[in-house]
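Okay, so here's the structure we're looking at.
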Amino acid sequence: MTIEFSFDKISRDVSLNWNVNVGLTKTGVREIVILDAKAIRFVSSAAPADEK
């Protein structure tokens, strides 16, 4: 899962742990990437039901 805050060019990537990376610009945070959102229970493991 990727959460984007801006479209500025990334100047540095920082790994907070095996699961979370932060893309930094010269002025702040550009994006946060969670590699396995289910592992930290950020996303429900239940798939939404299809509506017909």
Side-chain angles (χ1 to χ4, degrees):
M1 176 170 65
T2 301
I3 304 168
E4 293 183 329
F5 300 104
S6 74
F7 294 104
D8 296 339
K9 184 177 177 183
I10 294 177
S11 61
R12 187 172 74 144
D13 278 321
V14 177
S15 178
L16 299 181
N17 58 35
W18 70 270
N19 199 32
V20 179
N21 295 318
V22 178
L24 300 170
T25 67
K26 291 181 181 180
T27 60
V29 176
R30 182 203 186 273
E31 68 183 12
I32 297 174
V33 178
I34 302 173
L35 301 177
D36 188 0
K38 290 179 185 177
I40 60 170
R41 297 176 190 243
F42 192 80
V43 175
S44 173
S45 60
D50 290 334
E51 296 184 85
K52 295 182 179 184

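Heavy atoms only: backbone and side chains are in, while hydrogens, waters and symmetry mates are out. In what follows, residues are counted from 1 in the order of the sequence shown.
- The shortest distance between side-chain heavy atoms of L24 and V14 falls below 4.5 Å.
- Rounding to the nearest 0.5 Å gives a distance of 3.5 Å between CD1 of I34 and CE of M1.
- The CH2 atom of W18 sits 7.0 Å away from the CG atom of L35 when rounded to the nearest 0.5 Å.
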Given the rule in the side-chain contact (heavy atoms from CB on, under 4.5 Å) test, do V22 and L16 qualify, once you have shown the distances and angles that lead to the verdict? CA-CA 7 Å; V22 178; L16 299 181; 3.7 Å; yes

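- Applying the side chain to side chain donor-acceptor pair (under 3.5 Å) criterion to S11, with sequence neighbours excluded, gives no partner residue.
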side-chain contact (heavy atoms from CB on, under 4.5 Å) evaluation trace for V20 with I32: CA-CA 7 Å; V20 179; I32 297 174; 4.1 Å; yes

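- Qualifying side chain to side chain donor-acceptor pair (under 3.5 Å) partners for T2, counting only residues two or more places apart in sequence or in other chains: none.
- Residues passing the side chain to side chain contact (heavy atoms under 4.5 Å, CB included) test with I10, sequence neighbours excluded: D13, R30, E31.
- Using a 4.5 Å cut-off on side-chain heavy atoms (C-beta onward), D8 and T27 make contact.
- By the side chain to side chain donor-acceptor pair (under 3.5 Å) test, S6 pairs with no residue at all, sequence neighbours left out.
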